[in-house]
Amino acid sequence: MSNTNIDVLIIGAGPSGCVAASYLHKNGLKIKVVEKNKFPRFAIGESLLPRCMDHFDEVGLLECLKKQKFEIKNGARFLKEDVVCNFDFSEKHTKGWDWTWQVPRADFDKTLTDELIKNGVDIAFEEEVVDVVFSEDGTSLTTIKNKEQKTKTIEAKFIIDSSGFGRVLPRLLDLDAPSAIPEHSSIFTHVKDIKRPKGKEGTIITFDVINKDTWLWVIPFSNGITSIGYVGATEYMESFKGNSTKRLTEMMKLSTYYYERFKDLDYTFEPVSVKNFSKSVKQLYGKGFALTGNSAEFLDPVFSSGVTFATESGILAAKLITKELNNETVNWEEDYSNYIKKGVNVFSTYVKEWYTGNLQTLFFHRPQNMEIKKQICAVLAGYVWDESNPFVKKHNKIVQNLAYIINLEKSQ
């Protein structure tokens, strides 16, 4: 059994792991990335938020992504019956990026790993973490198994778990915790969008709200493929019978806006179902490790927060590890856990209030209050740490209170 000794082991080569790896590599640390899958591989999380553009730019990964000419995302559209709510990222409360991308994650993630490999980062694909043992000082011995079932060990001073839905350390260290977000499930696939309208209508990401708990996403890519998927309460989603193709085909009839566009189109792969996807953990860090991205928290996808939390936590963990390995004092509770939880809590409020109907009341109330809309837009762009925004600072009350006022006025 071979043994490798490094500074930082990164588990997972998705956006979180890549951003962390790029930062650590640029700062001269000896790192290794271990990825269970072979790239390119399918992944969900195809709609990004402007906030994550800061992270790709800071670690030198923005230019390689720009060259791929992914579909530009300037905002998002929400439909409910005959009411349309458009958010434009150039009209938001917080200063920052006004655009991002809609991406096939197989292509997006491979672009990142190709760039890292070109820059000299050690990435091992099709290698799985099967065991981790931590010493009292935080150093670790990780056992890796390759596709030939051969094992090796890696000694590291620190581990970043960016394994996403694999949730390697939460599983091995018993860190999983129940999510406070109501149980929802999804079913999704891709189609060759041969009926796509020309112009903006054919490119805009849309959330078609069927009822308070159920909505359809439509995410067009620049390669002519469109991602379509439903999210709904688990019990309701399971009321549709048959195989996944039959279930999604039947559900597409729920969308009066999109039914004709996607009717009779073949799905490029058998629709995938994910049940009760929201996840949480007991802690975000420990002696010698940090959890980032979906390995830490995974929220409902209604506001596309997944990749942004992945890159926000990935780059922050990398910065704090760099300081710690340079013998600087790091307060992981304050500088990492509390910071990340602050953003997670804001988005969690918006997810919960979406499903109570309160946030939908704000979105679809007419006439619109443009100042409120700008403040909400900043949250939807991923700027959930800007406490100059009342919809960040007072997130746990403001949506509920405003919805109450609107509903009170309607009843009079």
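For the single chain, residues carry numbers from 1 onward in sequence order.
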task: Could you list the residues that satisfy salt bridge (charged side-chain N to carboxylate O under 4.0 Å, His left out) with K253, not counting sequence neighbours?
output: E250
statement: Across all chains, not counting sequence neighbours, the side chain to side chain contact (heavy atoms under 4.5 Å, CB included) partners of L141 are N3, T153, E155
field: Residues which pass side chain to side chain contact (heavy atoms under 4.5 Å, CB included) with K287, listed by chain and number, not counting sequence neighbours
entry: none
Partner set under salt bridge (charged side-chain N to carboxylate O under 4.0 Å, His left out) for D107, not counting sequence neighbours: none
message: Run the ring pair (Phe, Tyr, Trp, His ring centres under 6.0 Å) test against F125 and tell me which residues pass, sequence neighbours left out.
response: F39
task: List for me each residue that meets side chain to side chain contact (heavy atoms under 4.5 Å, CB included) alongside D88, sequence neighbours excluded, and say none if there are none.
output: S90, E91
task: Please list, chain by chain and in numerical order, all residues satisfying salt bridge (charged side-chain N to carboxylate O under 4.0 Å, His left out) with E201, sequence neighbours excluded.
output: R77
- prompt: For D386, what residues pass the side chain to side chain contact (heavy atoms under 4.5 Å, CB included) criterion, not counting sequence neighbours?
  reply: H93, T94, S388, N389
message: Among residues at least two apart in sequence or on other chains, which ones pass ring pair (Phe, Tyr, Trp, His ring centres under 6.0 Å) with Y350?
response: none
- request: Not counting sequence neighbours, list each pair that qualifies as a side chain to side chain donor-acceptor pair (under 3.5 Å) and has a residue in residues 218-230.
  value: E46-S227, D193-T226, R196-T226, W217-S227
- line: Residue set satisfying salt bridge (charged side-chain N to carboxylate O under 4.0 Å, His left out) with E148, at least two apart, ordered chain then number -> none
query: According to the salt bridge (charged side-chain N to carboxylate O under 4.0 Å, His left out) rule, which pairs have a member within residues 121-144, sequence neighbours left out?
result: K32-D122, K36-E128, E126-K147, E127-K152
